[in-house]
Amino acid sequence: MTTPRILLIYGGHESGRTYELVEAVKQGLEQSGETIELRSLPALTAGVDDLLWAQGLIIATPEHFGYMSGAVKDFLDRTFYPTQDKVNGLPYALVVSAGNDGTGAVNSIERIVPGYRWKRISEPIIVVGDIGDDDRRRCNELGQSMAAGVALGIF
Ligand SMILES: Cc1cc2nc3c(=O)[nH]c(=O)nc-3n(C[C@H](O)[C@H](O)[C@H](O)COP(=O)(O)O)c2cc1C
């Protein structure tokens, strides 16, 4: 069996709230007990090769102007046609950090995802405002279930 390969891409900046949620997801991936290969990358630096490599995908983004961050949109713009029909069924999950809403970011991504034919493995996690312990726990659990699900081939 090959080592499960998980791609985690994020918008926002590494001192921001989105990245704090990314850290909690990464902890969950590590705590899952599964041996995984992780590529954790700013969305602006991730590309087609990373997406084709991945067996599981987690996208984390702040909400910007009722939409996903420009960085995540850029990732989708660059990867859509080159990966079309090569990433069907890829298990994915979504984490959003927002100031007061978050649904615009979720909707903007979920309108595009059917074109990629990814498979959503859980409800999007939306965190409004400052991050609390329960938010960290939800992100941690997402990391654990993504790692376990990909490792066991249950998605
Ligand atoms: C340019 C810009 C636009 C934003 N637009 C929204 C928005 O439409 N809805 C919302 O709930 N929050 C909005 N926010 C607030 C951010 O989503 C929120 O502060 C988030 O936690 C930032 O994550 P970060 O620290 O990772 O950048 C916006 C922030 C910025 C900088």
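What you see is a predicted model, and the numbers here were worked out from it, not measured in a lab.
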Can you tell me if [X] uses its side chain to pair, donor with acceptor, with the backbone of [Y] under 3.5 Å?
{"X": "Asn107", "Y": "Thr103", "result": "yes"}
{"X": "Tyr116", "Y": "Leu76", "result": "yes"}
{"X": "Arg78", "Y": "Ala46", "result": "yes"}
{"X": "Arg117", "Y": "Gly89", "result": "no"}
{"X": "Arg138", "Y": "Ile126", "result": "yes"}

Query raised in the report: According to a 4.5 Å side-chain heavy-atom criterion applied to Ile, Leu, Val, Met, Phe, Trp and Tyr, with indirect links allowed, do Val113 and Leu52 form part of one hydrophobic cluster?
Result: yes
Query - Single-linkage hydrophobic cluster Leu142~Leu29, side-chain heavy atoms < 4.5 angstrom - result: yes
Query - Tyr19 versus Ser97, side-chain donor and acceptor atoms under 3.5 Å - result: no
Query - Side-chain donor-acceptor contact under 3.5 Å, Ser69 with Thr61 - result: yes
Got [X] and [Y] here, is their nearest side-chain heavy-atom distance under 4.5 Å?
{"X": "Val96", "Y": "Pro124", "value": "no"}
{"X": "Leu44", "Y": "Phe75", "value": "no"}
{"X": "Val95", "Y": "Ile59", "value": "no"}
{"X": "Leu90", "Y": "Lys119", "value": "no"}
{"X": "Leu41", "Y": "Asp50", "value": "yes"}
{"X": "Val72", "Y": "Tyr10", "value": "no"}
{"X": "Asp135", "Y": "Ile125", "value": "no"}
{"X": "Gln144", "Y": "Glu34", "value": "no"}

Query raised in the report: Taking it one step at a time, do Val128 and Asp101 satisfy side-chain contact (heavy atoms from CB on, under 4.5 Å)?
Result: CA-CA 6 Å; Val128 174; Asp101 188 359; over 6 Å; no
Nearest atoms (heavy-atom pairs only) where [X] meets [Y]:
{"X": "Glu14", "Y": "Pro42", "answer": "OE2-CG, 4.2 Å"}
{"X": "Phe155", "Y": "Ser145", "answer": "CZ-O, 3.4 Å"}
{"X": "Gly104", "Y": "Glu63", "answer": "N-OE1, 2.9 Å"}

Query raised in the report: Could Asp133 and Arg137 be called an ion pair, given the rule that one side-chain N must be under 4.0 Å from one carboxylate O?
Result: no
Report task. Would you sort out whether Lys26 and Glu30 count as a salt bridge (charged side-chain N to carboxylate O under 4.0 Å, His left out), showing the intermediate values? Result -> CA-CA 6 Å; Lys26 280 160 74 171; Glu30 281 163 21; over 6 Å; no
Query raised in the report: Would you call the rings of Trp118 and Tyr92 parallel, tilted or perpendicular if under 30° counts as parallel and over 60° as perpendicular?
Result: tilted
Query - Between CD on residue Gln55 and CZ on residue Arg5, distance to nearest 0.5 Å - result: 4.0 Å
